[in-house]
Structure formats: C-alpha cells, structure tokens
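In what follows, every chain begins at residue 1, and chains take the letters A, B, ... in the order their sequences are listed.
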Number of protein chains: 2
Amino acid sequence: MEYERPIATVDIVTLTLKDGALHVALYPRAKPPFEGAHGLPGGYVHVDEDANLDAAARRVLRDKALLKGVYLEQLGTFSGATRDPRGWSISAAYVALLPQERIKGALLAKADPVPRKLPFDHGAIVKAALARVRSKSVYSTLPTFLMPAEFTITELRDVYRIVLGIEKIDLAGFRKKILDLRAIEPVEGKMRTGVHRPAQLYRRVVKDIALFDRTI
Amino acid sequence: MEYERPIATVDIVTLTLKDGALHVALYPRAKPPFEGAHGLPGGYVHVDEDANLDAAARRVLRDKALLKGVYLEQLGTFSGATRDPRGWSISAAYVALLPQERIKGALLAKADPVPRKLPFDHGAIVKAALARVRSKSVYSTLPTFLMPAEFTITELRDVYRIVLGIEKIDLAGFRKKILDLRAIEPVEGKMRTGVHRPAQLYRRVVKDIALFDRTI
DNA sequence: GGAATAGTGTCTCTAAGACAATATGGA
DNA sequence: TCCATATTGTCTTAGAGACACTATTCC
C-alpha cells in the first residue's frame with residue numbers, strides 16, 4: 001500500500017560573523033505561505049534536477065550566489081503534520097558557514113537569541129544549528145570557515161571566543177594548539193600591519209574540519 | 001509550482017552487543033522491493049498516524065516489539081534518485097541501542113565489517129551509524145544503553161573496549177571517571193558473584209547520555 | 001622612548017595513566 | 001591456603017593554563 005507522500009524541502013541556516021556576534025542570513029519569501037516574511041533560504045526538492053538532498057541544498061546556495069568553498073553539513077531533518085500549513089512536511093536542514101563579505105543581499109539577523117517571528121519552525125532550526133556549531137567548535141577547526149581567506153591567529157582566537165562564548169582564551173596556548181594541528185599554514189611574506197608589531201597571516205589548509213584531541 | 005513528491009521512509013539501525021562485538025538487527029522484508037531479503041527495519045511514513053519522523057521511527061520499533069527505554073536518535077537523512085528502485089526517495093535514518101536480551105526475532109549480523117548485500121543503501125546507513133556510535137562513545141555514556149538494567153563497572157568497561165576498539169582500558173581510571181560523572185549509581189545490596197570477590201552492581205541514572213569533559 | 005600587539009619561554013598544578021596494595025568470596 | 005577479580009591508593013608524567021619576557025612596528 002502506498003501512503004500519501006509528505007512535502008519535501010531543504011532549508012539552509014547560513015551563519016556568519018558580524019559585529020562580534022553570530023548572525024543568520026534571512027531572505028524575503030517570494031511566494032506563499034508566509035509571503036514577504038523573512039525566513040531561511042530553502043525550497044522544494046526538485047526530483048527532476050537534484051541528485052539528492054545535498055545537491056538540493058547546494059542549488060539553494062547557488063541561487064543565493066553563495067557558491068565556492070562554503071562549509072555545508074546536514075544538520076538534521078525536521079518534520080511533522082503541523083510545521084507547514086501546506087501539510088505533512090519533511091525539511092532537511094543544513095548549516096552553512098562563511099565569512100561575512102561573501103554574503104550579499106541577505107538580511108543578517110543576530111542568531112542568539114533566535115529572531116522572533118520566523119516562518120515555519122525556522123526558529124527551532126536556527127537554534128539547533130547554533131547548538132551544533134558551538135558544540136562542534138569545542139574540539140574542531142570549524143570556526144575557520146567563518147574566517148576570510150587570510151587571517152591572523154589573534155583574529156581566529158577572537159572568533160573562537162565569540163562562537164564558544166568564552167570571555168578569554170590565552171593566546172599562547174591557543175597558538176600552540178592550532179599550529180600543532182597543522183590545520184592552518186602561514187602565508188609567506190604576508191603580514192597584517194597596524195600600530196604595533198605586524199602579525200603573520202595564515203590560511204586554512206584542510207578542506208574539511210580538523211579535530212583536536214581535547215578541547216580549545 | 002508543486003514538484004513531484006519523493007517517497008518518504010524511516011529506517012532504524014538497531015545496534016546491540018553479542019559475542020563481544022557490535023551487531024545490527026535485520027529483518028526479512030515482507031514486500032517488494034527486495035522481498036525476502038534481510039534489511040533494516042523501516043517503512044513508509046504514515047502521514048495519517050505519525051506526528052513526525054521520530055514518531056514514525058518509534059512506531060517501527062513498536063512493530064518489532066522493541067519498546068520501552070530504547071535509546072533512539074536521528075542519524076541523518078539519506079536521499080537520492082537511485083537509492084530506491086521505486087523512485088526518488090528520502091529516508092530518515094535512526095540509531096537505536098539496546099541490550100541483546102531485549103531483541104527477539106531478528107537476525108543479528110556483525111556490524112563491522114558491514115554485512116554484504118543489504119538492500120537499498122542500508123550498508124552505508126549501517127556504516128554511518130557505527131561511526132556515530134563510536135565517535136560519540138569517546139566522550140559520553142552512550143555505551144550504557146547497550147547494557148542490561150544492572151551491570152558491573154568491569155562489564156561496562158569491557159563494552160567501552162569493544163565499542164571503541166581499544167585493547168585495554170585501566171579499570172581504576174575508568175571507575176573514577178564514570179563514577180565522578182554520576183551517570184550510574186550502585187544498586188543497594190546487589191552484587192555479582194563468581195569465583196572471586198563479588199562486584200557491586202550499578203544502574204544507569206540519567207535518561208539521556210551524559211558527557212565527559214575529556215575522553216574515556 | 002612609549003604604546004600596543006605578536007610571538008616565545010617558563011613555571012605550576014591538575015589530572016590521566018600506570019601500577020602497587022589491599023579486599024573478599026569460592027574452591 | 002590459593003586464585004581470581006574488585007576496589008582503593010600512590011607515584012609519575014604530560015599537558016593545560018597562567019603569565020612573564022622579548023620582538024617589532026608606528027607614533
């Protein structure tokens with residue numbers, strides 16, 4: 001026996017750093033339901049063109065001009081009879097991380113506390129995304145995907161501070177850990193200058209995240 | 001515009017311990033496709049009776065008489081045009097853990113290496129489930145859900161050894177860590193006897209898993 | 001020189017790991 | 001008594017954290 005098939009969609013929680021806090025990218029909805037309201041980018045799975053859900057998520061990112069080198073991982077699947085007014089629905093949620101300058105045309109809203117009045121269960125999805133990113137950042141180089149192509153160790157340390165909500169992280173210890181992992185490498189001859197000793201610039205060397213033995 | 005809706009199913013990777021190794025519960029498929037073959041328990045989402053995917057997963061467990069106190073978590077969602085001969089499909093995969101004596105009527109197959117010739121992409125799903133359970137067991141009390149109601153610390157230590165693939169874990173250090181966490185408590189007056197000093201029996205006290213600061 | 005941050009070295013202290021010592025019941 | 005495992009205690013050592021010290025640039 002065949003059962004009625006649920007609606008199948010993907011939704012992307014695109015997180016970035018702005019003004020020292022995590023922000024989520026929201027876009028106005030072009031069609032009902034919730035037409036005009038700002039929500040997570042997403043949409044129907046296109047069974048004729050998407051090879052799978054990952055491909056559907058990448059297509060959504062492409063439509064928003066968020067393309068190359070974006071960190072993307074499946075967050076979880078949200079479902080139920082009541083989350084979408086159109087009927088029983090399944091939404092595969094993804095988390096994307098990228099530096100702010102890569103995002104154009106989106107409304108960047110503070111991710112914590114989660115913005116009020118998001119459509120569907122997008123509030124719960126953003127909350128889950130934040131929890132995932134925070135817990136994973138404790139023992140991985142996930143926050144490097146929030147950095148621009150080149151960054152100093154101090155800047156990376158500050159991003160860890162923001163993501164993890166830690167008031168201070170000792171720079172000497174942080175430097176040792178992050179360099180021992182060999183997940184970033186110095187960019188030859190490039191320094192960040194200022195009214196102080198110039199700092200070495202680094203870039204991420206691994207495509208995926210690297211894991212620490214312990215915690216940051 | 002509405003797109004054609006994919007098939008929506010749930011699949012459960014039920015892991016247990018047997019003969020000192022992780023095993024996965026397989027059941028013969030009653031209907032096509034792959035009728036008669038052994039595969040993961042699962043089935044269509046019933047939009048008329050399931051409140052959401054978690055409820056669908058619990059219904060599948062209930063149908064297999066695996067009911068109370070089963071640890072269940074969403075593993076991830078597997079999808080695509082080709083994984084199911086019936087068409088573009090989405091399967092929400094779940095991991096369930098329970099002690100062997102709770103499982104009746106299933107074929108228990110060694111989970112590592114993954115059994116050959118499983119239907120659909122069930123091989124990949126089992127592989128992902130194993131990876132999830134192993135990585136999470138490093139820093140949590142997840143393996144306690146593989147234990148019967150009462151167990152000794154030595155028995156729990158051995159389960160960690162099996163799940164993590166570690167040849168030896170010092171019992172004294174393990175005892176300290178697991179007791180400090182207060183995730184298990186002694187069962188008053190109950191001891192496991194043998195041809196040696198009797199051992200205190202313990203039971204799990206937390207409903208969910210508890211997390212270690214570091215690793216086992 | 002002074003200010004500010006980058007980068008290195010060192011000390012302390014905790015905690016993990018190894019392992020010794022003791023406890024207890026059955027044969 | 002001995003054997004086997006349970007349970008507790010102790011010693012050593014690696015590593016994290018704190019922080020002092022030096023380096024380098026601009027003013």
| query | Partners of Thr14(B) by side chain to side chain donor-acceptor pair (under 3.5 Å), sequence neighbours excluded? | reply |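 Thr14(B) satisfies side chain to side chain donor-acceptor pair (under 3.5 Å) with no other residue.
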
| task | For His196(B) and for Gly194(A), find the nucleotide of DNA chain D with the closest heavy atom, then tell me which residue's nucleotide is more 5'. | result |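 Nearest nucleotide further toward 5': that of His196(B).
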
| Between Pro41(A) and Ala25(A), which heavy-atom pair has the shortest distance, and what is it? |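 Here Pro41(A) and Ala25(A) meet closest at CD-O, 3.7 Å.
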
| request: Please report the shortest heavy-atom distance between Ala96(B) and Ile12(B), naming the atom on each side. | output: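 The pair with the smallest heavy-atom distance is CB-CG2, 4.0 Å.
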
| query | Heavy atom of residues 145-157 of chain A under 4.0 Å from DNA chain D: which residues? | reply |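 The answer is none.
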
Looking at residues at least two apart in the chain, or sitting in another chain, which of them share a ring pair (Phe, Tyr, Trp, His ring centres under 6.0 Å) with [X]?
X	answer
His196(B)	none
Phe120(B)	Phe34(B), His122(B)
Tyr27(A)	none
Phe145(B)	Tyr71(B)

Contacts under 3.5 angstrom, residues 174-181 of chain B side chains, donor-acceptor by atom type, not counting sequence neighbours:
{"unit_1": "Lys177(B)", "atom_1": "NZ", "unit_2": "Thr215(B)", "atom_2": "O", "d": "2.5"}

| query | Hey, can you pull the residues of residues 179-186 of chain B with a non-hydrogen atom under 4.0 angstrom from DNA chain C? | reply |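 Within residues 179-186 of chain B, no residue comes under 4.0 Å of DNA chain C.
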
| note | Given protein heavy atoms under 4.0 Å, the one-letter contact record of nucleotides 12-22 of chain D, with B base, S sugar-phosphate only and - none, is simply -----SBB---

| Can you name the residues that form a salt bridge (Lys or Arg N to Asp or Glu O under 4.0 Å) with Lys18(A), not counting sequence neighbours? |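 Salt bridge (Lys or Arg N to Asp or Glu O under 4.0 Å) check on Lys18(A) returns nothing, list empty.
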
| Is it the case that Arg204(A) and Thr144(A) place a side-chain donor and acceptor less than 3.5 Å from each other? |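 Result is yes, a qualifying pair exists.
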
| message | Can you measure Met191(B) atom CE to dT5(D) atom C1' for me and round it to whole angstrom units? | response |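 Atom-to-atom, Met191(B) to dT5(D), this comes out as 12 Å.
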
| said: Between Thr141(A) (side chain only) and Ile209(A) (backbone N and O only), is there a donor and an acceptor less than 3.5 Å apart? | reply: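 Side chain of Thr141(A) to backbone of Ile209(A): no pair is present.
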
| message | Using modelled atom types and a 3.5 Å cut-off, is there a donor and acceptor pairing between side-chain atoms of Arg132(B) and backbone atoms of Gln74(B)? | response |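 Between the backbone of Gln74(B) and the side chain of Arg132(B) there is a qualifying donor-acceptor contact (under 3.5 Å).
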
| said: Under the salt bridge (Lys or Arg N to Asp or Glu O under 4.0 Å) definition, can you give me all pairs with a residue in residues 98-122 of chain B, not counting sequence neighbours? | reply: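 Found Arg83(B)-Asp121(B), Asp112(B)-Arg134(B).
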
| query | Taking 5' to 3' order, which nucleotide of DNA chain C is first and which is last to have an atom within less than 4.0 Å of a heavy atom in chain A? | reply |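 Range of nucleotides within reach of chain A: dA4(C) to dT10(C).
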
